[in-house]
Amino acid sequence: MKIGITCYPTYGGSGVVATELGKALAERDHEIHFISSSIPFRLSHVAGNIFFHEVNVQTYPLFEYPPYTLSLTSKMVDISKHAGLDVMHVHYAIPHAASAVMARDMLRSEGQHVPVVTTLHGTDITLIGQDPSFAPVVTWSINASDGVTAVSDYLRRETYEHFDVSNGIEVVPNFIDTDRFQRQDKEHFKQALCPNGEKVIVHVSNFRPVKNADQVIETFARLRRDDLPVKLILVGDGPDRVPAERTARDLGVYDDIRFLGKQDPVEEILSIADVFLMPSGSETFGLAALEAMACNVPVVASDVGGLPELIVDGETGFLCPLDDVDAFTQRTRALLTNDDLHERMSAAARKRAEDTFDISKIVPMYETYYQTVRERSMAEA
Ligand code: GMT
């Protein structure tokens, strides 16, 4: 099949999922056309049957806000016509689904059928999508898509609860390449960071308020207060990074923390981790937690959103009540001080990643879904 994929190219789970999906589909002999504002950060090379088409956004003295959505639509039309796309798969509803539906309708008026599959990822439904300035368009574009998927059952339920959606929604969970994401020998790195054999806690996020980065610091500070020999590595960047640094200084733990900023080879950092913390206020899936699990790292996370579909409480990690820093501290301490418990959970975390979320199990679900959507939309045409 010839598949158009649109996503946010910058740091973020939906872009990662879209890019890894495109790469995996290309390996299965599909022709993939990424259509985006810049090259997706996980797309290291464009070769063979992978193409990248940059959306050219025009400025004009009248435009206080250049209309990216329309430029994207025009690019989708252009690529669909010239590459002969069989399906357009857009990730994150705003504004990608609206652009794709408009492009599809324009193509239809010229006799070309390119069905649209929209994948809902997170805040497009749980937060920003519910704002009155977006909600009617989100509702319309979900209902007008030829196929809709959500990354968890929770997200599917949230969509029906908050939007007047009549379209069906298929749950296709996120996935992980367990060959790439596996524990590697990074002893030299561990030694450099933890010369006295300290344990390592890792948190990876885009440091938006929903990630509750301050609770990671607070949990860490409580563990250090008990003199637990432990270091904290923070990966990623965003608006709450500077406040997190301030909190670390205020709590006197800054010197035991490494703020690494945005990093691509996350699996190398996860390879020296003992516990991964995810105290998010909302999380539809928690891809960063899955990456940790694949690297044998048990996750201590908030009991919210889609996280219980990923983390089996007491087996592959722990789920704690939202904002309960005491519970986070207690569960993390247990994992850092009880070797048997840690060994059992890290093996179970890896096993769950392999058995349930391996890329080889999920990518065929998308292929089958594209086929179903194509046949259905052809029949309706
Ligand atoms: O919805 C967002 O906040 C952005 C999105 C992203 O691009 O990072 O994150 C969501 O999609 C990821 C991939 O499907 C999920 O793993 C994240 O849990 C989800 N984020 C939230 O729900 C906060």
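As a basis for the values below, the full set of heavy atoms in this structure was taken, side chains included, without hydrogen atoms, waters or symmetry mates.
Heavy-atom neighbours of Arg241 CZ from other residues, nucleotides or ligands within 6.0 Å: above the threshold of 12. Residue-environment remark: NZ (Lys361) exceeds the threshold of 12 foreign heavy atoms within 6.0 Å. Within a 6.0 Å sphere centred on CZ of Phe63, other residues, nucleotides and ligands contribute more than 12 heavy atoms.
Taking the six-membered ring for Trp and the full ring otherwise, Phe357 and Phe285 have centroids separated by under 6.0 Å. The distance between the ring centers of His96 and His91 does not fall below 6.0 angstrom. You'll find the ring centres of Tyr8 and Tyr92 inside the 6.0 Å limit.
Applying the ring-ring contact (aromatic ring centres under 6.0 Å, His included) test between His89 and each of Phe34, Tyr366, Tyr369 identifies Tyr366 as the sole match.
Ala24 and Val363 get closest at one heavy-atom pair: CB-CG2, 3.7 Å. Looking at every heavy atom in both residues, Leu43 comes nearest to Ile50 through CD1-CG2, 4.1 Å. Taking every heavy atom of both residues into account, Val202 and Ala273 meet most closely at CG2-CB, 3.5 Å. Nearest heavy atom pair, residue Val16 against residue Phe41, reads CG2-CZ, 3.6 Å.
Under the 3.5 Å distance criterion, the side-chain polar atoms of Gln130 are matched with a main-chain donor or acceptor of Ile125. Arg376 contributes a side-chain N or O that, together with a main-chain N or O of Asp146, makes up a donor-acceptor pair within less than 3.5 Å. Judged by distance alone, with hydrogens and angles left aside, the side-chain atoms of Glu309 form a donor-acceptor pair with the main-chain N or O of Tyr154 at under 3.5 Å. A donor-acceptor pair is defined here as one N or O able to donate and one able to accept, closer than 3.5 Å; such a pair exists between the side chain of Ser152 and the backbone of Leu155.
Not a single salt bridge (Lys or Arg N to Asp or Glu O under 4.0 Å) links Glu375 to another residue, sequence neighbours left out. Scored by the side chain to side chain contact (heavy atoms under 4.5 Å, CB included) test, Asp250 finds Arg246 as partners (sequence neighbours excluded). Scored by the side chain to side chain contact (heavy atoms under 4.5 Å, CB included) test, Ser37 finds Pro9, Tyr68 as partners (sequence neighbours excluded). Residues passing the side chain to side chain contact (heavy atoms under 4.5 Å, CB included) test with Lys81, sequence neighbours excluded: Val77, Leu107, Glu110, Gln112. Residues forming a side chain to side chain contact (heavy atoms under 4.5 Å, CB included) with Pro66 (at least two apart in sequence, or on another chain): Val57, Thr59. Glu267 is linked by a salt bridge (Lys or Arg N to Asp or Glu O under 4.0 Å) to Arg180, counting only residues two or more places apart in sequence or in another chain.
Using a 4.0 Å cut-off between a side-chain N of Lys or Arg and a carboxylate O of Asp or Glu, Glu380 and Arg108 do not qualify as a salt bridge. A salt bridge links Lys23 with Glu20: the distance from a Lys NZ or Arg NE/NH1/NH2 to an Asp or Glu carboxylate oxygen falls below 4.0 Å. Using a cut-off of 4.0 Å between Lys/Arg side-chain N and Asp/Glu carboxylate O, Asp256 and Arg224 are scored as salt-bridged.
The list of side-chain hydrogen bond (donor to acceptor under 3.5 Å, both in side chains) pairs with a residue in residues 163-176, not counting sequence neighbours, reads Asn143-Ser166. Applying the salt bridge (Lys or Arg N to Asp or Glu O under 4.0 Å) test to every pair with at least one member in residues 270-288, sequence neighbours left out, gives these pairs: Lys211-Glu283. Within the structure, side-chain hydrogen bond (donor to acceptor under 3.5 Å, both in side chains) pairs that include any residue of residues 334-347 do not occur (at least two apart or interchain). Residue pairs satisfying the salt bridge (Lys or Arg N to Asp or Glu O under 4.0 Å) criterion with at least one member in residues 120-143, sequence neighbours excluded, are absent.
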Which pairs would a plain distance check flag for residues 328-335, meaning a side-chain donor or acceptor within less than 3.5 Å of a matching protein atom at least two apart in sequence or in another chain?
from, atom 1, to, atom 2, distance (Å)
Thr329, OG1, Val325, O, 2.6
Thr332, OG1, Phe328, O, 2.6
Arg333, NE, Asp226, OD2, 3.3
Arg333, NH2, Asp226, OD2, 2.3

Cut-off 3.5 Å, no hydrogens considered: what does the side-chain donor-acceptor table look like for residues 293-304, sequence neighbours left out?
from, atom 1, to, atom 2, distance (Å)
Ser302, OG, Pro279, O, 3.1
Ser302, OG, Ser280, N, 3.3
Ser302, OG, Ser280, O, 2.8

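Ring planes of Phe207 and His203: perpendicular class, angle over 60° (limits at 30 and 60°).
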